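Below is one structure, written out as structure tokens, with a few remarks after it.
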Amino acid sequence: MSLLDGRRAVVTGAASGIGEACARRLATDGAAVALLDVRADAVAAVAEELRAAGARALAFECDVADGESVASTVDAAADALGGLDTVVAAAGIARPSRMHELSLADWHAVLDVNLTGVFLTLQRSLAHLIDAGGGTVVTIGSVASLVAAGSAASYDASKGGVLQLTRAVAAEYVDEGIRANCVCPGVVETALAANSVALHGPATSVVEAPISARIRRPIERRADPAEIASVVSFLCSDDSSFMTGAAVPVDGGYTAI
């Protein structure tokens with residue numbers, strides 16, 4: 001049997017980057033996967049590729065910052081999958097800016113997607129997980145959940161919030177058989193910056209390289225998104241059955257030094 005045979009999963013931000021890698025890995029490991037992303041054509045293409053490889057994969061357009069969009073899409077995904085027992089909240093954006101130059105619009109854009117989007121996704125999904133008799137939640141935080149990235153106050157605040165929100169879910173829903181953990185990636189080879197600009201336009205100020213780019217890390221390369229997804233799949237599986245409320249750095253040793 002594969003690691004996630006029989007699981008029914010929702011993955012947000014599934015059109016690219018870490019979200020796409022997670023959707024691919026969960027499907028490879030046997031889960032039926034609903035891929036959610038605001039970019040309808042891109043997420044449909046990923047789902048089609050997974051189906052061509054023999055996976056059960058469905059694409060849904062969803063804006064995680066919009067409560068009505070999340071509610072209707074999560075419910076539709078759960079209905080299409082015959083229930084829901086696994087949630088990976090990976091949608092995110094970045095708007096680097098020095099704090100004194102950060103516009104209120106950019107602050108809200110990042111918090112709306114990165115933190116409120118996770119809240120809305122989990123809030124709507126939890127009832128389905130309870131109906132399923134339990135399940136697993138994995139959120140995508142960041143090393144910025146644990147330390148400051150620099151020139152990214154909105155991102156740091158949002159990812160710190162994601163970790164605490166995940167811990168809140170872990171504590172509150174343990175009696176319903178629900179586990180929740182937060183994966184905290186370091187520097188990953190994704191198109192996060194380009195996608196953020198495409199969706200929200202240029203940030204309000206240009207910043208020098210953030211602190212995170214200037215600090216040495218033992219593994220001195222960017223992670224492949226698949227390296228993050230492998231940890232996510234483990235946390236979605238019964239192999240991590242005694243883990244909940246954890247912050248799991250996958251950062252090449254960044255937070256170790």
Side-chain angles (χ1 to χ4, degrees), residues 2-5 7-62 64 77 81 86-94 113-114 117-118 121 125 136-145 155 159 162 166 180-196 198-199 217 219 221-237 239-240 246-252 254:
S2 297
L3 192 64
L4 300 176
D5 274 352
R7 300 296 176 89
R8 300 156 297 178
V10 158
V11 180
T12 67
S16 65
I18 293 172
E20 178 186 352
C22 289
R24 290 182 181 278
R25 181 59 185 256
L26 267 58
T28 297
D29 286 344
V33 183
L35 292 77
L36 279 57
D37 202 285
V38 71
R39 295 160 293 172
D41 292 343
V43 76
V46 176
E48 176 58 33
E49 186 177 336
L50 290 175
R51 287 194 296 273
R56 186 180 179 196
L58 305 170
F60 296 86
E61 181 179 1
C62 180
V64 297
L81 295 175
T86 305
V87 181
V88 178
I93 63 170
V113 174
N114 293 9
V118 174
T121 299
S125 299
T136 57
V137 170
V138 179
T139 60
I140 303 300
S142 168
V143 290
S145 301
Y155 189 80
K159 292 301 187 178
V162 166
T166 307
N181 293 289
C182 181
V183 172
C184 300
V187 182
V188 184
E189 193 65 62
T190 72
L192 175 63
N195 289 338
S196 298
L199 290 170
R217 55 194 181 274
I219 301 178
R221 64 171 175 82
R222 293 174 179 265
D224 187 285
E227 294 176 293
I228 312 302
S230 64
V231 178
V232 171
S233 184
F234 162 72
L235 291 172
C236 290
S237 77
D239 284 354
S240 60
V248 185
V250 188
D251 63 1
Y254 176 82

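Note that this is a predicted model, so its numbers are computed, not measured.
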Given the rule in the side chain to side chain contact (heavy atoms under 4.5 Å, CB included) test, do R24 and L50 qualify, once you have shown the distances and angles that lead to the verdict? CA-CA 7 Å; R24 290 182 181 278; L50 290 175; 4.0 Å; yes

Heavy-atom closest pair, residues [X] and [Y]:
X: R25; Y: S233; answer: CG-CB, 3.7 Å
X: C184; Y: A247; answer: SG-CB, 4.2 Å
X: A89; Y: T12; answer: CA-OG1, 3.4 Å
X: V33; Y: A27; answer: CG2-N, 3.8 Å
X: D239; Y: F234; answer: O-CE1, 3.5 Å
X: V11; Y: G19; answer: CG1-O, 3.5 Å

Side chain to side chain contact (heavy atoms under 4.5 Å, CB included) with R8: which residues, sequence neighbours excluded?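 Side chain to side chain contact (heavy atoms under 4.5 Å, CB included) list for R8, sorted by chain: L81, D85, A132.
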
Using residues 51-60 as the side-chain source, report each donor-acceptor pair under 3.5 Å to any protein atom, sequence neighbours left out, with the distance given to one decimal.
| unit_1 | atom_1 | unit_2 | atom_2 | d |
| --- | --- | --- | --- | --- |
| R51 | NH1 | A57 | O | 2.6 |
| R51 | NH2 | E48 | OE1 | 2.9 |
| R56 | NH2 | A80 | O | 2.6 |

Quick one: does any side-chain atom of [X] pair with a main-chain N or O of [Y] as donor and acceptor, under 3.5 Å?
X: D5; Y: S2; answer: yes
X: E49; Y: V46; answer: no
X: R7; Y: C236; answer: yes
X: S240; Y: L235; answer: yes
X: N181; Y: A246; answer: yes
X: K159; Y: I140; answer: yes

Side-chain contact, heavy-atom cut-off 4.5 Å: V248 with V231?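 Counting from C-beta outward, V248 and V231 do come under 4.5 Å.
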
Quick one: does T86's side chain get under 4.5 Å of V10's, heavy atoms only?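 They are not in side-chain contact.
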
Between T166 and T139: side-chain donor-acceptor atoms closer than 3.5 Å: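 The criterion, which ignores hydrogens and geometry beyond distance, is satisfied for T139 and T166.
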
Could you state the interatomic distance from [atom1] ([X]) to [atom2] ([Y]), rounded to the nearest 0.5 Å?
X: I228; Y: E189; atom1: CD1; atom2: CD; value: 12.0 Å
X: S230; Y: L3; atom1: OG; atom2: CG; value: 11.0 Å
X: L36; Y: T121; atom1: CG; atom2: OG1; value: 7.5 Å
X: I93; Y: Y155; atom1: CD1; atom2: OH; value: 10.5 Å

Less than 4.0 Å between a side-chain N and a carboxylate O, is that true for E227 and R221?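 Salt bridge: yes.
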
Side chain to side chain contact (heavy atoms under 4.5 Å, CB included) partner of D251, the single match among V188, V143, V183: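 The passing option is V143.
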
